[in-house]
Amino acid sequence: MELSERKKQILRAVVENYIQTAEPWLQSHRASAGLKVSSATIRNEMAELENLGYLEQPHTSAGRIPSPKGYRLYVNELMEEHRLTMQEAQKSTKP
């Protein structure tokens with residue numbers, strides 16, 4: 001199943017938040033992620049992403065975290081490309 005752009009945007013927000021904070025993402029974070037939809041819409045989309053295996057909910061009252069499948073989609077399709085600096089490139093070639 002192909003994910004809608006909104007689902008991809010939500011998944012990107014969840015993954016990036018989790019990478020930065022190591023905290024589950026709540027639908028109340030929608031404003032900081034630039035999502036201009038209601039919290040009910042976010043909740044429904046996150047539930048669908050969970051059913052599809054892209055998100056996990058560690059506790060009943062917790063927010064969602066990315067699953068391995070969610071991380072894989074993020075790396076393959078959603079992550080922005082970053083170029084290495086010359087110093088980073090040189091470090092990566094040294095043993």
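The shortest non-hydrogen separation linking Ile10 to Met46 is CG2-CG, 3.8 Å.
Annotation: side chain of Trp25 is in contact with side chain of Ile42 (closest heavy-atom distance under 4.5 Å). Annotation: side chain of Tyr71 is not in contact with side chain of Tyr54 (no heavy-atom distance under 4.5 Å).
In this structure, Glu48 CD and Leu3 CG are separated by 9.5 Å, a value rounded to the nearest 0.5 Å.
Applying the salt bridge (charged side-chain N to carboxylate O under 4.0 Å, His left out) criterion to Glu23, with sequence neighbours excluded, gives no partner residue. By the side chain to side chain donor-acceptor pair (under 3.5 Å) test, Ser4 is found to be paired with no residue, residues two or more places apart in sequence or in another chain being considered. Take Arg6 and apply the salt bridge (charged side-chain N to carboxylate O under 4.0 Å, His left out) test, not counting sequence neighbours, and it matches Glu45. Residues satisfying the side-chain contact (heavy atoms from CB on, under 4.5 Å) test with Glu56, not counting sequence neighbours, are Ile65, Ser67, Pro68. Residues forming a side chain to side chain donor-acceptor pair (under 3.5 Å) with Asn76 (at least two apart in sequence, or on another chain): Arg72. Remark: Tyr74 engages Arg12, Val15, Glu16, Ile19, Leu78, Met79 in a side-chain contact (heavy atoms from CB on, under 4.5 Å) (not counting sequence neighbours). The side chain to side chain donor-acceptor pair (under 3.5 Å) search around Gln57 returns none, not counting sequence neighbours.
Within the 3.5 Å criterion, the main-chain N or O of Val37 finds no donor-acceptor partner in the side chain of Thr41. A donor-acceptor pair under 3.5 Å is formed between the side chain of Asn44 and the backbone N or O of Ala40. For Lys69 (side chain) and Leu52 (main-chain N/O), a donor-acceptor pair under 3.5 Å exists by modelled atom type.
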